[in-house]
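The block underneath contains the structure these notes are about, expressed in structure tokens.
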Amino acid sequence: MAEAFDIIIFGGMGDLSLRKLIPALYGFEYDGEFTEESRIYITSHRAVESEEFKSKIQASIEEQVKDDADSATNVPRFMQRLNPVVLDIADHAGGWDELAKNIENNACATRIFFLSIPPYLSETCCKNLYQHGLVAGNARIILEKPIGVDLESAQKLNASVAQYFKEDDIYRIDHYLGKETVQNLLALRFTNILLGDVWSNSSIDHVQISISETVGLEGRAGFYNDVGALRDMVQNHLLQLLCLVAMEPPHEMNADNIRAEKLKVLKALKPIDSTNVNMATVRGQYDSGLMDDQRAAGYLEELGTEQGGSNTETYVAIRAEIGNWRWAGVPFYLRTGKRLKRRAAEIVIEFKPVVHQVFNESVGAIQPNRLTIKLQPDEGVELTLNTKQLHQREMKIKPVNLELDFADAFDGHRRAAYQRLILDVVAGDSTLFIHRDEVEEAWRWINPIQDAWKTLDSVTHLYASGSWGPQKADFMLHQDGRSWVEPGDPSA
């Protein structure tokens, strides 16, 4: 059971809160991790009728309730913890005194402020928290992405929050780092000598990191059209996964050491700018197409903009390189996109072919070994090896998969990523969170790509909804004699 805590969700009736945070907090109830004193404050800029509030919360936790045999007890107890608060973040007098008064009644609890709000409101929110005496005792703040939209805005946001909170009390969240499979990547790398000895350019040919989504704008048009896939997904999720794959072994597993090693990777990334951006990156935008045999609208159609009115990328592929001894010559292919064929997130480690081939061509094509780390929707690890086909006199080689499915291998309820990460905040453990130096270093690498796209007026290639993205992204790998592994494809 966690210690007593109050969590205050700013933007508590928004999309992120209802889709992710409220269900994650219900997981605390399910797992018995709430103390009796713990409470949840849901802020909203307008008053919400009691029945509407209750209906939205219950809809939010519906899937979790289906799996909860004790839901008849847990749901009412969870609802009693919830406290709706009408509060105008931008107004110094707009509900802050009432919030402060309620929280002071539970002064012994750790206070967690989750900013599920646009970044431009973060400084104002922190200032009001401080001026109303709420930044006291064990007060901690969680910042949701995006942390800025470029290096300058990220630095400004980090500096403004640092006026009111110490760095040790600031938790910049990336929910991908809360996934069990992502954490297990460190265990796989650093506890298995079979992998440790081959984890370098001596044995690895290339790495692919893919996050594919089937959804389109989903009501986020205003935000997404100003941001695009590069800043929305690559700067945080994909670069964090790259760091965990490529980082050196820390001398001890703790937050400071892991951050230091990740930062070294970010600093070692070779620049992509106007001199090489057209060779190393591909931008795409989804057009109409078929999703589950149903017509799906194109991006511009969803956006309501005339053709040519927006070149915002909904897809990006990048050929990244790390300039250090371990990874010299090993390309890291990153890609992410919306309205792709299948929802999945995977890391593929493709090994080099055997140095000396003892079998002739009659045995069939011999595939390189491959390690696939599946992050979503199914979590697991898959190792592809070559073996002789059984029940044949002739020697015929066939690749087979050794699979570890976490759902089959480990019993019990699995925590959602946000639940795990909020638990870490309660415990004061920042291992799975992002330091301001990482955020800013990531932007230093991303900004020149964004600037080069603008300077060169780079092409945004159309791709059909339901496909795997623009053909130009395939060509980028074909030039290197490689091809993409389709995420989530059991036959890949």
Side-chain angles (χ1 to χ4, degrees), residues 14-20 23 56 59-60 62-63 145-146 175-176 179 208-238 281-318 333-346 348 374-379 453 458-478 483-492:
D15 179 66
L16 174 66
S17 178
L18 293 175
R19 281 193 305 110
K20 298 291 186 180
K56 286 188 174 183
S60 174
E62 182 178 353
E63 288 300 317
K145 81 170 182 77
H175 70 273
Y176 269 81
K179 294 179 180 292
Q208 297 183 25
I209 304 177
S210 302
I211 300 177
S212 58
E213 301 178 279
T214 55
V215 297
L217 287 178
E218 282 197 312
R220 299 171 72 222
F223 163 78
Y224 195 88
N225 196 51
D226 291 334
V227 176
L230 180 70
R231 291 186 285 185
D232 186 44
M233 296 292 289
V234 179
Q235 188 273 339
N236 40 74
H237 299 328
L238 284 164
T281 72
V282 175
R283 304 174 73 191
Q285 185 183 95
Y286 64 81
D287 202 352
S288 60
L290 293 178
M291 302 289 298
D292 296 326
D293 297 323
Q294 300 292 321
R295 181 187 182 275
Y299 179 79
L300 295 179
E301 187 179 346
E302 279 195 312
L303 195 62
T305 303
E306 294 298 327
Q307 182 71 27
S310 173
N311 68 342
T312 296
E313 77 282 356
T314 62
Y315 175 101
V316 61
I318 297 178
Y333 298 106
L334 315 178
R335 66 170 168 170
T336 184
K338 291 185 176 296
R339 284 283 174 80
L340 296 179
K341 184 176 181 180
R342 191 177 295 111
R343 173 180 174 265
E346 292 186 356
V348 175
K374 300 181 178 182
L375 309 179
Q376 69 177 28
D378 301 317
E379 296 181 321
W453 283 350
S458 66
V459 176
T460 304
H461 301 271
L462 292 179
Y463 62 95
S465 293
S467 70
W468 278 118
Q471 292 183 348
K472 181 70 172 179
D474 296 333
F475 180 70
M476 184 172 71
L477 267 71
H478 291 164
S483 59
W484 292 107
V485 177
E486 293 190 0
D489 186 353
S491 64

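- In this view, Q208 and H206 satisfy the side chain to side chain donor-acceptor pair (under 3.5 Å) rule, not counting sequence neighbours.
- Side-chain contact between S310 and L300 is present, with heavy atoms from C-beta onward closer than 4.5 Å.
- Partners of K145 by salt bridge (charged side-chain N to carboxylate O under 4.0 Å, His left out), not counting sequence neighbours, listed by chain and number: D232.
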Working note: Y333 + L477, criterion side-chain contact (heavy atoms from CB on, under 4.5 Å); need CA distance, chi angles, decisive distance, verdict.
CA-CA 8 Å; Y333 298 106; L477 267 71; 3.4 Å; yes
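- Annotation: side chain to side chain contact (heavy atoms under 4.5 Å, CB included) contacts of S288 (sequence neighbours excluded): R295.
- With sequence neighbours excluded, no residue forms a side chain to side chain contact (heavy atoms under 4.5 Å, CB included) with D226.
- Between R283 and N311, the closest side-chain pair of non-hydrogen atoms falls below 4.5 Å.
- How far CG of L230 is from CD of E313: 5.5 Å, rounded to the nearest 0.5 Å.
- Here S210 pairs with R335 under the side chain to side chain donor-acceptor pair (under 3.5 Å) rule; sequence neighbours left out.
- Every residue was checked against the salt bridge (charged side-chain N to carboxylate O under 4.0 Å, His left out) condition with E62, not counting sequence neighbours, and none meets it.
- In this structure a side-chain-to-backbone donor-acceptor pair under 3.5 Å is present from Q285 to T312.
- Pairing each heavy atom of V227 with each of R231, the nearest pair is O-NE, 3.3 Å.
- With contacts defined as side-chain heavy-atom distances shorter than 4.5 Å, the pair P487/R342 does not qualify.
- In terms of modelled atom types and a separation under 3.5 Å, the side chain of S17 and the main chain of G14 share no donor-acceptor contact.
- Scanning for side chain to side chain donor-acceptor pair (under 3.5 Å) contacts around S212 gives an empty result, with sequence neighbours left out.
- Residues that satisfy the ring pair (Phe, Tyr, Trp, His ring centres under 6.0 Å) test with H237, not counting sequence neighbours, are H175, Y176.
- What you find for S467 and A464 is that their closest heavy atoms are OG-O, 2.6 Å.
- Checked against side chain to side chain contact (heavy atoms under 4.5 Å, CB included), V459 has the following partners two or more places apart in sequence or in another chain: H461.
- Scored by the side chain to side chain contact (heavy atoms under 4.5 Å, CB included) test, S465 finds Y286, M291, A296, R339 as partners (sequence neighbours excluded).
- The main-chain N or O of W468 is never found under 3.5 Å from a side-chain atom of W484 such that the two would form a donor-acceptor pair.
- Counting heavy atoms from C-beta outward, K472 and Y463 have side chains that stay 4.5 Å or more apart.
- Contact of the L375 side chain with the I211 side chain is not registered, since no non-hydrogen atoms from C-beta on lie closer than 4.5 Å.
- At a threshold of 4.5 Å between non-hydrogen side-chain atoms, the residues Y299 and L462 do not count as touching.
- In this structure the side chain of L303 reaches within 4.5 angstrom of the side chain of L217, judged on heavy atoms.
- Put simply, the side chain of T214 does not reach to within 4.5 Å of the side chain of L340, judged on heavy atoms.
- For the pair E213 and R343, the salt-bridge criterion is not met [side-chain N within less than 4.0 Å of a carboxylate O].
- With sequence neighbours excluded, no residue forms a side chain to side chain donor-acceptor pair (under 3.5 Å) with Q471.
- By the salt bridge (charged side-chain N to carboxylate O under 4.0 Å, His left out) test, D15 pairs with R19, sequence neighbours left out.
- Considering every non-hydrogen atom in both E346 and E486, the closest pair reads OE1-O, 4.4 Å.
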Take T460 and Y315, measure what side-chain contact (heavy atoms from CB on, under 4.5 Å) needs, and give me the verdict at the end.
CA-CA 9 Å; T460 304; Y315 175 101; over 6 Å; no
